[in-house]
Amino acid sequence: MLEVESIGKLYRLGGGVRHDTLRDALAHRFGRGRARSADPEDFWALRNVSFAVAEGEVVGVVGRNGAGKSTLLKLLARITAPTEGRIRLGGRVASLLEVGTGFHPELSGRENIFMNGAVLGMTRREISARFDSIVEFAEIERFLDTPIKRYSSGMYVRLAFAVAAHLEPEILLVDEVLAVGDAEFQKKCLGRIAGVGRSGRTVLFVSHNLAAIQQVTTRCMLLEKGELACDGATPDVVAAYIGGHGRGAVADDLATQHPDFHIHSVRFDDEGRPPGFNQPLHFELSLELGRPFRTVGFEIGIHNSLGARVLTSRYVVDQLDEGKTTLAIRIPDHHLAPGAYALMLGIARGTQAIYWAENVLPFSLSDLGVTDPLIQPYLTQQRDRIGAFIAGRWEKR
Amino acid sequence: MAESADARRAQWILIEPPRGFAPVRLGELWAYRELLGFIAWRDVAVRYKQSALGILWALLTPLVTVAIFTLIFGRVAQIPSDGVPYAVFCYAGLLPWLFFSQSVQRATVSMVAERNLLTKVYFPRLIVPISATLAPLVDFAIASSILAALMVWYRVVPSAHALYLVPLCIAWAWLVAVGVGALLAAANVYYRDVGQVIPFLLQVWMYASPVVYPTSLLPSGLRWLHALNPLVGIIDTLRFALFTRGPAPGAALFVSLSVSAALVAIGLACFARMERSFADVV
C-alpha cells in the first residue's frame, strides 16, 4: 500500500540560502562587505529511511522531538518534496496534521464542514452523504448555522475531529492531533482510528502518547535523529524507545555541584527494564564520594507526561561513607496509571543543593501483559496501604 | 495474480525528488476542481458576510470609478471616445481592467494567505492562485449588468460578433490573469517585496491600457508597441464587439495574443518549478 525507499529530506539552515526580501538576496549576491557566510549548514531531517506498509496495517511512529516524525508525514502527504529516495503510494492519501485545516472563522459550522471536508480530500457527494453523521459525532446540531468564530474551543475541536473521523482514504496519516480535546473525545477518536485499520485501510499514526500507540497499533517505527532506528512489533519498539537507548533506563555520570559528590548512575535495578504498571518500582542510585557526608537529604519525584508531579518521596541519610555507595529506592504500591513518566532527583546537604534535575530518567509504565481489567477493585483493596507508598521505602545497601 | 498486483503497483503515485521544469498537470487540476470551487466560494461568501451592502459593493466600485473618470477624462480633459458616449466607452474598458487587476492582486498574495493549507495538506498548488481569480470573475459578472443598462440607456447596439467575441475576451483576460497571477504569487512566496510593488505596478499598467482613452488616439506607428500589453488586445476587441465603431483590431491583435500566450506559459512554468518548495519556504 505504501513503499518508502531510502528517503531523505535536507533542510538548509542559516547562511546564504533563504532570503525573506529581495533586498537581502541582492545584498547577498552583490554585497562586497559581507563575505559569503560559512557554508550553509545542511540539516538532514530524515535520511536513508526505508519501509513498506501493507494494506490494513496501523503503524505507529515514535521518537523524540526533532527525530523526523513530522517530516516523514509531510513527505508522504506530498506537502514537501523529498531530497532523495522515492515513495510509492497505493491509494488516496489523507493527512491529518492539524485539526480544522481550512476552517474559516466567518463561515458557519455547516459551511466549514464542507470546506474542511474538501480540503481533506472528500468529494462534495461524500460530505453530503456523511453530513448527518458528522454533525452527530460533533454534537453541535444547535450551532450548525453559527459562524465558528463564536464557537467555544471545545466545539471547534469536536467539529474538526468529526469531519476528520469521517475520512475514508486508503491511506490515513495522523500527526499528534489527539493531544487536544477532552479525554472522552480522545477515546472516541482513537476508537475511530483503530476502526479505520480494521476496515482494510492503512494508517500511519505519530504520537508521543505511548498508551495510545499501544492501544491502536500492532507495528511501530522508532525514528532517531532522522533515521529509522527500529521497526517491529509495537511492544518491542516502545520498550526500545523507553528503555534501550541513551537516557532510557540508565542515566550516567550526572554532574553535581559538589566536587566530592559523584553520581555514577541512576537506573532501574531490574536490569534497567522499567516494570509493568502494577509492579513495584525499584531504582538504584550509584554514588562515589570523595569524602564522608553527613545528613544528606534525597528527594525522588515522578512527573507525568504533562509535567505534573504525581509522586514525591523524601529521605534523609545520616551518614554516607567515602567511596562507592549504592542506594536502593523501592516504591512498592505506586498506583500510577500506564503511561510515560520522568524521574526527578534532588540531593541536598542542609540548605546547600548538591544535585537537582527534573528529568533524570524518563520511563514508561506499560500495560502490556495485564489481562485483569479490574483495576478499580484492586485499588479499593489496596486503599489502606496508600500511606506506605507515599513514604516509599529507602534502604542502604 | 502477481502480474495483476504488479500492474496495480504501476498505477501507484510515485513521489521523487523534483528535477527541472515540470509540465502543468491539467488532469490533476481537474481532479481537484471541487476544492477549487470550494475555495473560490469561500472567498466570495466570506467577503460579504457581516456587510450591510453585501453584493452591492461589486457594483459600487466600478460605478464610482467610471463616474470620476467620465468627469475628469471625458468632460474636463475632453478625451475622445470613438463616437460612443464616454461613460459607456470607459465602462467597457474599466470592467475587464478591474477584473484583471483584482485577480492579479488577489492571486499575488494568495499563496502567503493560504500558508495554513499549503503546509498541512496536499493539492495542486496552482489551485490557490486560480481560485483567487474566480471571486473577481463573480464581481465582473455582477458589474456587467451596469454595462448592459448603460448600453440600453445610450442606445448602443452591439454587433452580432459580440455573441462569441465577448466570452472569448473574458476567457482571454482570465488566462492572462492566471498566468501573471501565478508568476507573482510564486515570487511573493520567496520575496514579500512583490506584494508591495503590486499596487504601484497595477496603477502604471492601467494607464498603459486603453481604459480611459481609445487606442485610436495613438499614432499608428506606435500601436504595435502599445499592443505588447495584452490588455490592449483584450479591451480593443471587447469594445469593437460591443460598439462596432472604432478601428477593427488588426495586426496589433496578434502581438497582444502572442505576448499573452508567452506570459501564461512563463507564469505557469515558473510556478510549477517553484511549487515543490513552497511548503518549506512560505
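Quick note on labels: first sequence line is chain A, next is B, and so on, each numbered from 1.
Options A/L2, A/V4, A/I87 differ in how many heavy-atom pairs under 4.5 Å they form with chain B, and the most are formed by A/I87. Of the residues considered (A/P82, A/A81, A/G121), A/P82 shows the highest number of contacts with chain B, using heavy-atom pairs under 4.5 Å. Ranked by heavy-atom pairs shorter than 4.5 Å toward chain B, the options A/M122, A/E84, A/M1 are led by A/M1. Ranked by heavy-atom pairs under 4.5 Å with chain B, the first of A/R78, A/R86, A/E106 is A/R78.
Within 6.0 Å of CD on B/Q203 lie no more than 12 heavy atoms contributed by other residues, nucleotides or ligands. Atom NZ of A/K225 has 12 or fewer heavy atoms from other residues, nucleotides or ligands within 6.0 Å.
Checking each of B/I39, B/I127, B/V128 against B/L117 for a side-chain contact (heavy atoms from CB on, under 4.5 Å) leaves exactly one that passes, namely B/I39.
Looking only at distances, a side-chain donor or acceptor of B/R125 sits under 3.5 Å from a matching main-chain atom of B/L118.
Aromatic ring pairs are classed by plane angle as parallel below 30°, tilted from 30° to 60° and perpendicular above 60°; the pair B/Y122 and B/Y32 is perpendicular. Ring geometry for B/W97 versus B/W205: interplanar angle of 30 to 60°, hence tilted.
Only the backbone of A/T83 comes within contact range of chain B, with heavy atoms under 4.5 Å apart. With a 4.5 angstrom heavy-atom cutoff, B/E16 touches chain A via backbone and side-chain atoms both. For a residue to count as touching a neighbouring chain, one of its non-hydrogen atoms must lie under 4.5 Å from one of that chain's; by this rule B/F123 does not touch chain A. For A/L173, no part sits under 4.5 Å from any heavy atom of chain B, backbone or side chain. For A/L73, no part lies near chain B; criterion is any non-hydrogen pair under 4.5 Å. Interface remark: A/I7 contributes no atoms to any contact with chain B (heavy atom separation under 4.5 Å).
A/D175 has no carboxylate O lying under 4.0 Å from a charged side-chain N of A/K69, or vice versa, which leaves the two without a salt bridge.
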